[in-house]
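Below: the structure, in C-alpha coordinates.
Quick caveat, the model's predicted, so the values are computed rather than measured. Note on naming: letters A, B, ... go to the chains in the order of the sequence lines (proteins, then strands), and numbering restarts at 1 for each one.
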Amino acid sequence: MTKGTIQLTQSKHKIKKAKKIKKEKKSFFISVASVLIFLLLWELASQNEWINPLFISSPIEIAQAAVLMVQEISFWENVEVSGYEFVAGFVLAILIGIPIGVLSGWNANFNAVVNPFISGLYVTPKVALLPVIIIAFGIGPASKIVIVFLMAFFPIVMSAQKAMLTLDQNLIKAARTFNASEFQIFKTIALPSTVPFLLNGIRLGIGQGLIAVVVGELFASTAGIGYQLTSNGQNLQTDRMFVGVLVITITGIILTSLLGIIERRFSSWKPENS
Amino acid sequence: MENEQLEENFKLCTRFLDVTYVNNKTGAEVIALQNINLSIIDGEFICIVGPSGCGKTTFLNTVVGLLKPSKGEILLDQQKIDGPGKDRAMVFQNPSLLPWRTVLENVLYGVELLKQVTAEKKKEAKEFIEMVGLKGYENHYPHELSGGMQQRVNLARALTLNPSLILLDEPFSALDAQTREFMQGELLRIWEETKKTSLFITHQIDEAVFLADRIFVFGARPGRVVEVVDVDIPRPRDLHVKRSPEFLEVVDHIWSIIEQESSKQGFDNKEK
(Lines give C-alpha, C1' and ligand atoms only; values in the text may rest on other atoms or scores of the structure.)
Protein backbone atom coordinates (compact mmCIF):
# COMPACT_ATOMS: atom_id res chain seq x y z
CA MET A 1 0.00 0.00 0.00
CA THR A 2 3.03 2.28 -0.23
CA LYS A 3 3.75 4.77 -2.96
CA GLY A 4 6.26 2.37 -4.47
CA THR A 5 3.67 -0.31 -5.14
CA ILE A 6 1.34 2.24 -6.70
CA GLN A 7 4.01 3.37 -9.11
CA LEU A 8 4.84 -0.21 -9.87
CA THR A 9 1.26 -1.06 -10.77
CA GLN A 10 1.04 2.09 -12.87
CA SER A 11 4.15 1.25 -14.86
CA LYS A 12 2.80 -2.27 -15.31
CA HIS A 13 -0.32 -0.70 -16.77
CA LYS A 14 1.81 1.29 -19.20
CA ILE A 15 3.66 -1.79 -20.44
CA LYS A 16 0.37 -3.59 -20.90
CA LYS A 17 -1.04 -0.64 -22.83
CA ALA A 18 2.01 -0.42 -25.12
CA LYS A 19 1.71 -4.14 -25.89
CA LYS A 20 -1.97 -3.70 -26.62
CA ILE A 21 -1.34 -0.80 -29.04
CA LYS A 22 1.24 -2.88 -30.89
CA LYS A 23 -1.25 -5.72 -31.21
CA GLU A 24 -3.99 -3.36 -32.41
CA LYS A 25 -1.71 -1.87 -35.05
CA LYS A 26 -0.89 -5.30 -36.37
CA SER A 27 -4.51 -6.37 -36.70
CA PHE A 28 -5.33 -3.02 -38.33
CA PHE A 29 -2.80 -3.66 -41.12
CA ILE A 30 -4.11 -7.20 -41.61
CA SER A 31 -7.66 -5.82 -41.96
CA VAL A 32 -6.58 -3.21 -44.51
CA ALA A 33 -4.75 -5.86 -46.53
CA SER A 34 -7.76 -8.16 -46.39
CA VAL A 35 -10.06 -5.45 -47.80
CA LEU A 36 -7.57 -4.49 -50.52
CA ILE A 37 -7.22 -8.10 -51.63
CA PHE A 38 -10.99 -8.45 -51.73
CA LEU A 39 -11.30 -5.33 -53.94
CA LEU A 40 -8.55 -6.60 -56.20
CA LEU A 41 -10.26 -9.98 -56.64
CA TRP A 42 -13.54 -8.21 -57.30
CA GLU A 43 -11.92 -6.07 -60.00
CA LEU A 44 -10.27 -9.13 -61.57
CA ALA A 45 -13.49 -11.13 -61.48
CA SER A 46 -15.25 -8.33 -63.26
CA GLN A 47 -12.60 -7.58 -65.89
CA ASN A 48 -11.99 -11.24 -66.75
CA GLU A 49 -15.74 -11.81 -66.70
CA TRP A 50 -15.48 -14.67 -64.18
CA ILE A 51 -18.80 -13.31 -63.03
CA ASN A 52 -21.09 -11.29 -65.27
CA PRO A 53 -20.01 -7.62 -64.73
CA LEU A 54 -23.66 -6.60 -65.01
CA PHE A 55 -24.28 -8.29 -61.65
CA ILE A 56 -21.24 -7.15 -59.75
CA SER A 57 -19.99 -4.02 -61.55
CA SER A 58 -16.39 -3.37 -60.46
CA PRO A 59 -14.66 -1.28 -57.78
CA ILE A 60 -13.21 1.12 -60.35
CA GLU A 61 -16.53 1.64 -62.11
CA ILE A 62 -18.25 2.18 -58.77
CA ALA A 63 -15.65 4.77 -57.82
CA GLN A 64 -16.13 6.55 -61.15
CA ALA A 65 -19.90 6.52 -60.72
CA ALA A 66 -19.50 7.87 -57.19
CA VAL A 67 -17.42 10.81 -58.41
CA LEU A 68 -20.14 11.68 -60.93
CA MET A 69 -23.02 11.17 -58.53
CA VAL A 70 -21.72 13.42 -55.76
CA GLN A 71 -21.90 16.26 -58.30
CA GLU A 72 -25.60 15.64 -58.94
CA ILE A 73 -28.16 17.67 -56.97
CA SER A 74 -30.65 14.80 -56.98
CA PHE A 75 -28.17 12.56 -55.15
CA TRP A 76 -27.88 15.00 -52.25
CA GLU A 77 -31.64 15.45 -52.19
CA ASN A 78 -32.02 11.70 -51.84
CA VAL A 79 -29.43 11.59 -49.06
CA GLU A 80 -31.27 14.37 -47.27
CA VAL A 81 -34.64 12.64 -47.48
CA SER A 82 -33.28 9.32 -46.23
CA GLY A 83 -31.26 11.03 -43.53
CA TYR A 84 -34.31 12.90 -42.29
CA GLU A 85 -36.40 9.72 -42.23
CA PHE A 86 -33.75 7.80 -40.34
CA VAL A 87 -32.94 10.48 -37.77
CA ALA A 88 -36.59 11.29 -37.03
CA GLY A 89 -37.58 7.62 -36.64
CA PHE A 90 -34.51 6.77 -34.61
CA VAL A 91 -34.78 9.70 -32.22
CA LEU A 92 -38.42 8.77 -31.61
CA ALA A 93 -37.39 5.17 -30.93
CA ILE A 94 -34.85 6.33 -28.33
CA LEU A 95 -37.15 8.90 -26.71
CA ILE A 96 -40.02 6.44 -26.35
CA GLY A 97 -38.10 3.16 -26.11
CA ILE A 98 -35.77 3.98 -23.22
CA PRO A 99 -38.42 5.25 -20.77
CA ILE A 100 -40.78 2.36 -21.57
CA GLY A 101 -38.01 -0.21 -21.24
CA VAL A 102 -36.66 1.24 -18.01
CA LEU A 103 -40.11 1.62 -16.48
CA SER A 104 -41.23 -1.87 -17.40
CA GLY A 105 -38.04 -3.30 -15.93
CA TRP A 106 -38.53 -1.31 -12.73
CA ASN A 107 -42.27 -1.74 -12.18
CA ALA A 108 -43.83 -5.19 -12.41
CA ASN A 109 -47.36 -3.89 -13.04
CA PHE A 110 -46.31 -1.64 -15.89
CA ASN A 111 -44.32 -4.55 -17.26
CA ALA A 112 -47.42 -6.77 -17.16
CA VAL A 113 -49.28 -4.15 -19.21
CA VAL A 114 -46.72 -3.60 -21.95
CA ASN A 115 -44.82 -6.88 -22.08
CA PRO A 116 -47.32 -8.88 -24.19
CA PHE A 117 -47.10 -6.23 -26.89
CA ILE A 118 -43.35 -5.87 -26.69
CA SER A 119 -42.59 -9.58 -26.82
CA GLY A 120 -45.26 -10.17 -29.46
CA LEU A 121 -44.16 -7.38 -31.76
CA TYR A 122 -40.50 -8.10 -31.17
CA VAL A 123 -40.73 -11.36 -33.11
CA THR A 124 -43.10 -9.96 -35.76
CA PRO A 125 -41.26 -8.94 -38.94
CA LYS A 126 -42.09 -5.23 -38.93
CA VAL A 127 -41.75 -5.01 -42.72
CA ALA A 128 -44.86 -7.18 -42.91
CA LEU A 129 -46.73 -4.13 -41.65
CA LEU A 130 -45.40 -1.93 -44.48
CA PRO A 131 -48.48 -2.20 -46.73
CA VAL A 132 -50.67 -0.93 -43.88
CA ILE A 133 -48.18 1.75 -42.92
CA ILE A 134 -48.08 3.02 -46.51
CA ILE A 135 -51.88 3.13 -46.63
CA ALA A 136 -52.02 5.01 -43.34
CA PHE A 137 -49.07 7.38 -43.75
CA GLY A 138 -48.70 7.70 -47.52
CA ILE A 139 -45.63 7.19 -49.67
CA GLY A 140 -43.84 10.28 -48.34
CA PRO A 141 -41.26 10.39 -45.48
CA ALA A 142 -43.91 9.82 -42.76
CA SER A 143 -44.35 6.12 -43.54
CA LYS A 144 -40.56 5.64 -43.49
CA ILE A 145 -40.26 7.40 -40.15
CA VAL A 146 -42.84 4.99 -38.76
CA ILE A 147 -41.08 1.87 -40.03
CA VAL A 148 -37.66 3.11 -38.81
CA PHE A 149 -39.23 3.78 -35.43
CA LEU A 150 -40.82 0.33 -35.29
CA MET A 151 -37.66 -1.50 -36.22
CA ALA A 152 -35.27 0.46 -34.00
CA PHE A 153 -37.69 0.59 -31.05
CA PHE A 154 -37.60 -3.07 -30.03
CA PRO A 155 -33.87 -3.66 -29.61
CA ILE A 156 -33.77 -0.47 -27.52
CA VAL A 157 -36.76 -1.38 -25.32
CA MET A 158 -35.57 -4.93 -24.81
CA SER A 159 -32.07 -3.84 -23.82
CA ALA A 160 -33.41 -1.31 -21.30
CA GLN A 161 -35.72 -3.96 -19.85
CA LYS A 162 -32.96 -6.51 -19.60
CA ALA A 163 -30.64 -4.02 -17.94
CA MET A 164 -33.18 -3.36 -15.21
CA LEU A 165 -33.76 -7.07 -14.63
CA THR A 166 -30.08 -7.81 -14.13
CA LEU A 167 -29.45 -5.15 -11.49
CA ASP A 168 -26.96 -6.17 -8.81
CA GLN A 169 -29.17 -7.01 -5.82
CA ASN A 170 -26.18 -6.64 -3.47
CA LEU A 171 -25.90 -2.98 -4.43
CA ILE A 172 -29.60 -2.45 -3.83
CA LYS A 173 -29.41 -4.11 -0.43
CA ALA A 174 -26.45 -1.93 0.48
CA ALA A 175 -28.33 1.20 -0.57
CA ARG A 176 -31.34 0.15 1.50
CA THR A 177 -29.27 -0.23 4.64
CA PHE A 178 -27.99 3.30 3.98
CA ASN A 179 -31.61 4.40 4.12
CA ALA A 180 -31.89 5.13 0.39
CA SER A 181 -35.30 6.00 -1.06
CA GLU A 182 -36.66 4.11 -4.04
CA PHE A 183 -35.93 7.15 -6.19
CA GLN A 184 -32.34 7.32 -4.96
CA ILE A 185 -31.85 3.63 -5.74
CA PHE A 186 -33.29 4.24 -9.19
CA LYS A 187 -31.06 7.24 -9.83
CA THR A 188 -27.79 6.01 -8.35
CA ILE A 189 -27.95 2.28 -9.15
CA ALA A 190 -30.58 1.42 -11.74
CA LEU A 191 -29.92 4.17 -14.29
CA PRO A 192 -26.11 3.92 -14.38
CA SER A 193 -26.38 0.13 -14.65
CA THR A 194 -28.47 0.43 -17.81
CA VAL A 195 -25.93 2.49 -19.79
CA PRO A 196 -23.86 -0.36 -21.27
CA PHE A 197 -27.03 -2.31 -22.12
CA LEU A 198 -28.67 0.72 -23.70
CA LEU A 199 -25.66 1.46 -25.86
CA ASN A 200 -25.78 -2.11 -27.07
CA GLY A 201 -29.51 -1.79 -27.82
CA ILE A 202 -28.90 1.45 -29.68
CA ARG A 203 -26.18 -0.24 -31.73
CA LEU A 204 -28.63 -2.97 -32.78
CA GLY A 205 -31.25 -0.26 -33.38
CA ILE A 206 -28.96 1.56 -35.81
CA GLY A 207 -28.66 -1.55 -37.97
CA GLN A 208 -32.40 -2.16 -37.89
CA GLY A 209 -33.20 1.48 -38.60
CA LEU A 210 -30.97 1.57 -41.67
CA ILE A 211 -32.63 -1.58 -43.01
CA ALA A 212 -36.00 0.05 -42.38
CA VAL A 213 -35.16 3.19 -44.39
CA VAL A 214 -34.04 1.23 -47.42
CA VAL A 215 -36.81 -1.36 -47.34
CA GLY A 216 -39.43 1.35 -46.77
CA GLU A 217 -38.17 3.31 -49.74
CA LEU A 218 -37.86 0.22 -51.92
CA PHE A 219 -41.47 -0.60 -51.17
CA ALA A 220 -43.02 2.74 -52.05
CA SER A 221 -41.48 6.17 -52.23
CA THR A 222 -40.70 9.16 -54.41
CA ALA A 223 -37.26 10.04 -53.09
CA GLY A 224 -34.39 8.73 -50.96
CA ILE A 225 -31.39 6.46 -51.27
CA GLY A 226 -33.59 3.35 -51.39
CA TYR A 227 -35.68 4.94 -54.15
CA GLN A 228 -32.54 5.73 -56.12
CA LEU A 229 -31.28 2.17 -55.59
CA THR A 230 -34.44 0.72 -57.06
CA SER A 231 -34.49 2.93 -60.10
CA ASN A 232 -30.76 2.32 -60.75
CA GLY A 233 -31.39 -1.41 -60.46
CA GLN A 234 -34.32 -1.30 -62.82
CA ASN A 235 -32.14 0.58 -65.36
CA LEU A 236 -29.32 -1.98 -64.97
CA GLN A 237 -26.99 0.73 -63.60
CA THR A 238 -25.24 -1.64 -61.22
CA ASP A 239 -22.37 0.78 -60.51
CA ARG A 240 -24.73 3.56 -59.42
CA MET A 241 -26.72 1.12 -57.37
CA PHE A 242 -23.58 0.03 -55.52
CA VAL A 243 -22.81 3.68 -54.70
CA GLY A 244 -26.19 3.81 -52.94
CA VAL A 245 -25.35 0.67 -51.00
CA LEU A 246 -21.98 2.17 -50.11
CA VAL A 247 -23.63 5.34 -48.75
CA ILE A 248 -25.72 3.26 -46.38
CA THR A 249 -22.77 1.12 -45.31
CA ILE A 250 -20.61 4.16 -44.60
CA THR A 251 -23.42 5.78 -42.62
CA GLY A 252 -23.72 2.64 -40.52
CA ILE A 253 -19.99 2.49 -39.89
CA ILE A 254 -19.83 6.17 -38.88
CA LEU A 255 -22.79 5.85 -36.54
CA THR A 256 -21.56 2.70 -34.82
CA SER A 257 -18.06 4.09 -34.37
CA LEU A 258 -19.50 7.29 -32.89
CA LEU A 259 -21.35 5.02 -30.51
CA GLY A 260 -18.11 3.22 -29.75
CA ILE A 261 -16.56 6.53 -28.69
CA ILE A 262 -19.52 7.27 -26.41
CA GLU A 263 -19.30 3.75 -25.03
CA ARG A 264 -15.64 4.17 -24.10
CA ARG A 265 -16.41 7.45 -22.38
CA PHE A 266 -19.19 5.93 -20.31
CA SER A 267 -17.46 2.74 -19.39
CA SER A 268 -14.02 3.86 -18.27
CA TRP A 269 -14.91 2.07 -15.02
CA LYS A 270 -15.04 -1.30 -16.71
CA PRO A 271 -12.15 -3.74 -16.89
CA GLU A 272 -10.31 -3.23 -20.18
CA ASN A 273 -10.71 -6.77 -21.46
CA SER A 274 -14.50 -6.84 -21.20
CA MET B 1 -25.58 -11.30 33.96
CA GLU B 2 -25.55 -7.79 32.52
CA ASN B 3 -29.36 -7.82 32.35
CA GLU B 4 -29.33 -6.69 35.95
CA GLN B 5 -27.66 -3.43 35.03
CA LEU B 6 -29.55 -0.36 33.90
CA GLU B 7 -30.34 -0.13 30.20
CA GLU B 8 -28.86 3.36 29.93
CA ASN B 9 -25.38 1.94 30.26
CA PHE B 10 -25.72 0.01 27.05
CA LYS B 11 -25.13 0.96 23.47
CA LEU B 12 -27.33 -1.75 22.03
CA CYS B 13 -29.93 -3.88 23.79
CA THR B 14 -32.26 -6.49 22.45
CA ARG B 15 -35.20 -7.44 24.64
CA PHE B 16 -37.12 -10.70 24.17
CA LEU B 17 -36.44 -10.48 20.45
CA ASP B 18 -38.20 -12.97 18.17
CA VAL B 19 -37.92 -12.95 14.40
CA THR B 20 -40.08 -15.26 12.32
CA TYR B 21 -40.50 -15.43 8.60
CA VAL B 22 -42.70 -17.34 6.22
CA ASN B 23 -40.96 -19.88 4.05
CA ASN B 24 -41.63 -18.99 0.41
CA LYS B 25 -41.97 -22.57 -0.78
CA THR B 26 -43.88 -24.30 1.99
CA GLY B 27 -45.72 -21.29 3.42
CA ALA B 28 -44.79 -22.50 6.90
CA GLU B 29 -43.76 -20.06 9.58
CA VAL B 30 -40.13 -20.46 10.54
CA ILE B 31 -38.73 -19.15 13.80
CA ALA B 32 -35.37 -17.68 12.85
CA LEU B 33 -34.55 -16.12 16.20
CA GLN B 34 -36.10 -16.80 19.57
CA ASN B 35 -35.90 -14.77 22.73
CA ILE B 36 -32.65 -12.93 22.06
CA ASN B 37 -31.58 -10.81 25.01
CA LEU B 38 -28.27 -9.07 24.46
CA SER B 39 -26.60 -5.99 25.78
CA ILE B 40 -23.56 -4.36 24.27
CA ILE B 41 -21.47 -1.65 25.94
CA ASP B 42 -20.26 1.43 24.09
CA GLY B 43 -16.99 0.78 22.29
CA GLU B 44 -17.20 -2.98 22.59
CA PHE B 45 -16.17 -5.35 19.83
CA ILE B 46 -18.70 -8.17 19.71
CA CYS B 47 -18.55 -11.26 17.52
CA ILE B 48 -21.37 -13.62 16.83
CA VAL B 49 -20.51 -17.19 15.87
CA GLY B 50 -22.65 -20.22 15.34
CA PRO B 51 -23.43 -23.04 12.96
CA SER B 52 -25.00 -22.23 9.60
CA GLY B 53 -28.70 -21.62 9.93
CA CYS B 54 -28.40 -20.23 13.45
CA GLY B 55 -29.82 -16.87 12.40
CA LYS B 56 -26.60 -14.80 12.60
CA THR B 57 -27.36 -12.93 9.40
CA THR B 58 -31.04 -12.63 10.27
CA PHE B 59 -30.01 -11.02 13.54
CA LEU B 60 -27.76 -8.54 11.76
CA ASN B 61 -30.45 -7.71 9.19
CA THR B 62 -32.87 -7.07 12.03
CA VAL B 63 -30.45 -4.76 13.81
CA VAL B 64 -29.74 -2.85 10.60
CA GLY B 65 -33.50 -2.52 10.11
CA LEU B 66 -34.11 -4.55 6.96
CA LEU B 67 -36.19 -7.08 8.93
CA LYS B 68 -38.81 -6.34 11.55
CA PRO B 69 -38.90 -8.26 14.83
CA SER B 70 -42.09 -10.22 15.33
CA LYS B 71 -41.78 -9.79 19.07
CA GLY B 72 -39.61 -7.75 21.39
CA GLU B 73 -37.48 -4.76 20.53
CA ILE B 74 -33.98 -3.52 19.82
CA LEU B 75 -32.71 -0.35 21.44
CA LEU B 76 -29.75 1.59 20.09
CA ASP B 77 -28.73 4.53 22.27
CA GLN B 78 -32.06 4.04 24.09
CA GLN B 79 -33.91 4.57 20.80
CA LYS B 80 -36.09 1.81 19.42
CA ILE B 81 -34.90 0.61 16.02
CA ASP B 82 -37.58 0.83 13.37
CA GLY B 83 -36.12 0.48 9.90
CA PRO B 84 -32.69 1.47 8.59
CA GLY B 85 -31.11 4.59 10.01
CA LYS B 86 -27.99 6.69 9.77
CA ASP B 87 -26.88 5.61 13.26
CA ARG B 88 -25.92 2.20 11.86
CA ALA B 89 -23.64 1.30 8.98
CA MET B 90 -23.02 -2.11 7.53
CA VAL B 91 -19.92 -3.67 6.02
CA PHE B 92 -21.09 -6.34 3.61
CA GLN B 93 -19.79 -9.79 2.83
CA ASN B 94 -19.79 -8.78 -0.82
CA PRO B 95 -17.98 -5.43 -1.25
CA SER B 96 -21.13 -3.96 -2.88
CA LEU B 97 -19.26 -1.07 -4.48
CA LEU B 98 -20.74 0.83 -7.39
CA PRO B 99 -18.44 -0.17 -10.27
CA TRP B 100 -18.85 3.15 -12.09
CA ARG B 101 -17.71 5.19 -9.10
CA THR B 102 -14.18 5.80 -7.93
CA VAL B 103 -13.01 4.81 -4.46
CA LEU B 104 -13.69 8.31 -3.10
CA GLU B 105 -17.14 8.49 -4.70
CA ASN B 106 -17.98 5.08 -3.28
CA VAL B 107 -16.83 6.04 0.20
CA LEU B 108 -19.06 9.11 -0.01
CA TYR B 109 -22.03 7.11 -1.32
CA GLY B 110 -23.70 6.52 2.06
CA VAL B 111 -23.28 10.19 3.01
CA GLU B 112 -24.61 11.24 -0.37
CA LEU B 113 -27.79 9.20 0.11
CA LEU B 114 -28.34 11.12 3.35
CA LYS B 115 -27.70 14.37 1.42
CA GLN B 116 -24.89 15.31 3.77
CA VAL B 117 -22.00 15.75 1.36
CA THR B 118 -19.97 18.77 2.48
CA ALA B 119 -16.38 19.82 2.00
CA GLU B 120 -15.75 18.69 5.55
CA LYS B 121 -17.28 15.26 4.89
CA LYS B 122 -15.09 14.90 1.82
CA LYS B 123 -12.04 15.65 3.92
CA GLU B 124 -13.21 13.09 6.46
CA ALA B 125 -13.77 10.52 3.72
CA LYS B 126 -10.20 11.04 2.53
CA GLU B 127 -8.95 10.60 6.08
CA PHE B 128 -10.80 7.31 6.38
CA ILE B 129 -9.44 6.18 3.02
CA GLU B 130 -6.00 6.87 4.43
CA MET B 131 -6.86 5.08 7.66
CA VAL B 132 -7.87 1.90 5.82
CA GLY B 133 -4.59 2.10 3.91
CA LEU B 134 -5.80 3.20 0.49
CA LYS B 135 -4.13 6.62 0.26
CA GLY B 136 -3.34 7.29 -3.40
CA TYR B 137 -6.20 5.10 -4.63
CA GLU B 138 -8.97 7.72 -4.25
CA ASN B 139 -9.56 7.95 -7.98
CA HIS B 140 -9.24 4.26 -8.83
CA TYR B 141 -12.25 2.22 -9.88
CA PRO B 142 -13.25 -0.90 -7.92
CA HIS B 143 -12.20 -3.28 -10.71
CA GLU B 144 -8.65 -1.98 -10.36
CA LEU B 145 -8.52 -3.12 -6.71
CA SER B 146 -7.99 -6.54 -5.18
CA GLY B 147 -10.69 -8.20 -3.05
CA GLY B 148 -9.00 -7.13 0.16
CA MET B 149 -8.70 -3.53 -1.04
CA GLN B 150 -12.37 -3.50 -2.03
CA GLN B 151 -13.28 -4.57 1.48
CA ARG B 152 -11.18 -1.69 2.80
CA VAL B 153 -13.33 0.67 0.72
CA ASN B 154 -16.43 -1.07 2.07
CA LEU B 155 -15.16 -0.38 5.60
CA ALA B 156 -14.20 3.24 4.85
CA ARG B 157 -17.68 3.84 3.47
CA ALA B 158 -19.24 2.63 6.72
CA LEU B 159 -16.84 4.68 8.87
CA THR B 160 -17.51 7.88 6.87
CA LEU B 161 -21.15 7.71 7.92
CA ASN B 162 -19.90 8.15 11.49
CA PRO B 163 -22.40 5.65 12.84
CA SER B 164 -23.08 4.73 16.44
CA LEU B 165 -22.73 1.07 15.59
CA ILE B 166 -20.88 -0.75 12.84
CA LEU B 167 -22.26 -4.06 11.64
CA LEU B 168 -19.94 -6.42 9.81
CA ASP B 169 -21.45 -9.38 7.95
CA GLU B 170 -18.64 -11.91 7.41
CA PRO B 171 -16.63 -9.24 5.61
CA PHE B 172 -13.51 -11.37 5.13
CA SER B 173 -15.13 -14.69 4.21
CA ALA B 174 -14.53 -14.26 0.48
CA LEU B 175 -10.84 -13.41 0.89
CA ASP B 176 -7.98 -15.89 0.67
CA ALA B 177 -6.61 -17.14 3.98
CA GLN B 178 -3.53 -14.93 4.02
CA THR B 179 -5.37 -11.71 3.14
CA ARG B 180 -8.03 -12.57 5.68
CA GLU B 181 -5.50 -12.85 8.52
CA PHE B 182 -3.91 -9.59 7.47
CA MET B 183 -7.26 -7.81 7.24
CA GLN B 184 -8.21 -9.02 10.73
CA GLY B 185 -5.11 -7.26 12.06
CA GLU B 186 -5.96 -4.16 10.02
CA LEU B 187 -9.53 -4.15 11.32
CA LEU B 188 -8.32 -4.26 14.92
CA ARG B 189 -5.90 -1.40 14.26
CA ILE B 190 -8.71 0.71 12.78
CA TRP B 191 -11.05 -0.22 15.61
CA GLU B 192 -8.43 0.83 18.19
CA GLU B 193 -8.24 4.19 16.39
CA THR B 194 -12.00 4.80 16.14
CA LYS B 195 -13.33 2.81 19.12
CA LYS B 196 -16.61 2.29 17.29
CA THR B 197 -18.97 -0.25 18.80
CA SER B 198 -18.78 -3.16 16.38
CA LEU B 199 -20.93 -6.21 15.80
CA PHE B 200 -19.09 -8.74 13.69
CA ILE B 201 -20.58 -11.92 12.31
CA THR B 202 -18.40 -14.82 11.31
CA HIS B 203 -18.43 -18.58 11.08
CA GLN B 204 -14.72 -18.72 11.84
CA ILE B 205 -14.11 -19.24 15.52
CA ASP B 206 -10.46 -18.14 15.51
CA GLU B 207 -11.44 -14.93 13.74
CA ALA B 208 -14.02 -14.22 16.43
CA VAL B 209 -11.64 -14.94 19.30
CA PHE B 210 -8.93 -12.78 17.76
CA LEU B 211 -11.21 -9.78 17.27
CA ALA B 212 -13.78 -9.79 20.03
CA ASP B 213 -14.14 -8.53 23.57
CA ARG B 214 -17.07 -10.87 23.94
CA ILE B 215 -18.44 -13.61 21.72
CA PHE B 216 -22.10 -14.53 21.49
CA VAL B 217 -22.37 -18.17 20.53
CA PHE B 218 -25.62 -18.82 18.69
CA GLY B 219 -27.37 -22.15 18.42
CA ALA B 220 -29.63 -23.26 15.59
CA ARG B 221 -33.29 -24.19 15.23
CA PRO B 222 -34.44 -21.86 16.55
CA GLY B 223 -31.62 -19.32 16.53
CA ARG B 224 -30.82 -18.27 20.08
CA VAL B 225 -27.90 -17.33 22.29
CA VAL B 226 -26.31 -20.42 23.81
CA GLU B 227 -23.46 -18.81 25.64
CA VAL B 228 -21.64 -15.51 26.03
CA VAL B 229 -17.88 -16.00 26.10
CA ASP B 230 -15.57 -13.31 27.46
CA VAL B 231 -12.24 -13.05 25.69
CA ASP B 232 -9.70 -11.84 28.22
CA ILE B 233 -6.75 -11.67 25.88
CA PRO B 234 -5.07 -8.28 26.43
CA ARG B 235 -5.07 -5.62 23.72
CA PRO B 236 -3.53 -4.51 21.46
CA ARG B 237 -3.44 -7.99 19.96
CA ASP B 238 -1.29 -8.99 17.03
CA LEU B 239 -1.40 -12.12 14.91
CA HIS B 240 1.05 -13.92 17.24
CA VAL B 241 -1.74 -14.08 19.80
CA LYS B 242 -3.32 -16.79 17.67
CA ARG B 243 -0.63 -19.24 18.76
CA SER B 244 -0.84 -18.52 22.48
CA PRO B 245 -2.33 -21.20 24.76
CA GLU B 246 -4.98 -18.85 26.19
CA PHE B 247 -6.20 -18.11 22.64
CA LEU B 248 -6.42 -21.79 21.76
CA GLU B 249 -8.21 -22.49 25.01
CA VAL B 250 -11.01 -20.04 24.14
CA VAL B 251 -11.23 -21.46 20.62
CA ASP B 252 -11.52 -25.00 22.02
CA HIS B 253 -14.17 -23.93 24.46
CA ILE B 254 -16.33 -22.39 21.71
CA TRP B 255 -15.78 -25.44 19.51
CA SER B 256 -17.07 -27.69 22.26
CA ILE B 257 -20.18 -25.52 22.72
CA ILE B 258 -20.96 -25.60 19.02
CA GLU B 259 -20.27 -29.32 18.78
CA GLN B 260 -22.56 -30.03 21.70
CA GLU B 261 -25.19 -27.80 20.18
CA SER B 262 -24.94 -29.58 16.84
CA SER B 263 -25.23 -33.06 18.29
CA LYS B 264 -28.17 -31.97 20.41
CA GLN B 265 -29.86 -30.67 17.28
CA GLY B 266 -29.12 -33.96 15.56
CA PHE B 267 -27.33 -32.46 12.62
CA ASP B 268 -23.76 -31.82 11.71
CA ASN B 269 -22.91 -28.21 10.99
CA LYS B 270 -19.98 -29.24 8.81
CA GLU B 271 -22.46 -30.50 6.25
CA LYS B 272 -22.94 -27.10 4.71
Margin query: Applying salt bridge (Lys or Arg N to Asp or Glu O under 4.0 Å), can you list everything that pairs with B:Arg237, at least two apart in sequence or on another chain?
Written below: none
Answer yes or no: does atom [atom1] of [X] have more than 12 heavy-atom neighbours from other residues, nucleotides or ligands under 6.0 Å?
| X | atom1 | answer |
| --- | --- | --- |
| B:Glu193 | CD | yes |
| A:Glu80 | CD | no |
| A:Phe117 | CZ | no |
| B:Lys242 | NZ | yes |
| B:Lys121 | NZ | yes |
| A:Glu24 | CD | yes |

Check: Atom CG in A:Leu191, atom CH2 in B:Trp100: separation rounded to 0.5 Å?
Finding: 9.5 Å
Measuring heavy-atom distances to chain A, does [X] have an atom under 4.5 Å in its side chain, in its backbone, in both, or in neither?
| X | result |
| --- | --- |
| B:Leu161 | side chain |
| B:Asn61 | side chain |
| B:Leu66 | side chain |
| B:Glu112 | both |

Checklist line | Heavy-atom contacts under 4.5 Å, residues 170-188 of chain A to chain B | finding: A:Asn170, A:Leu171, A:Lys173, A:Ala174, A:Ala175, A:Arg176, A:Thr177, A:Phe178, A:Asn179, A:Ala180, A:Gln184, A:Thr188
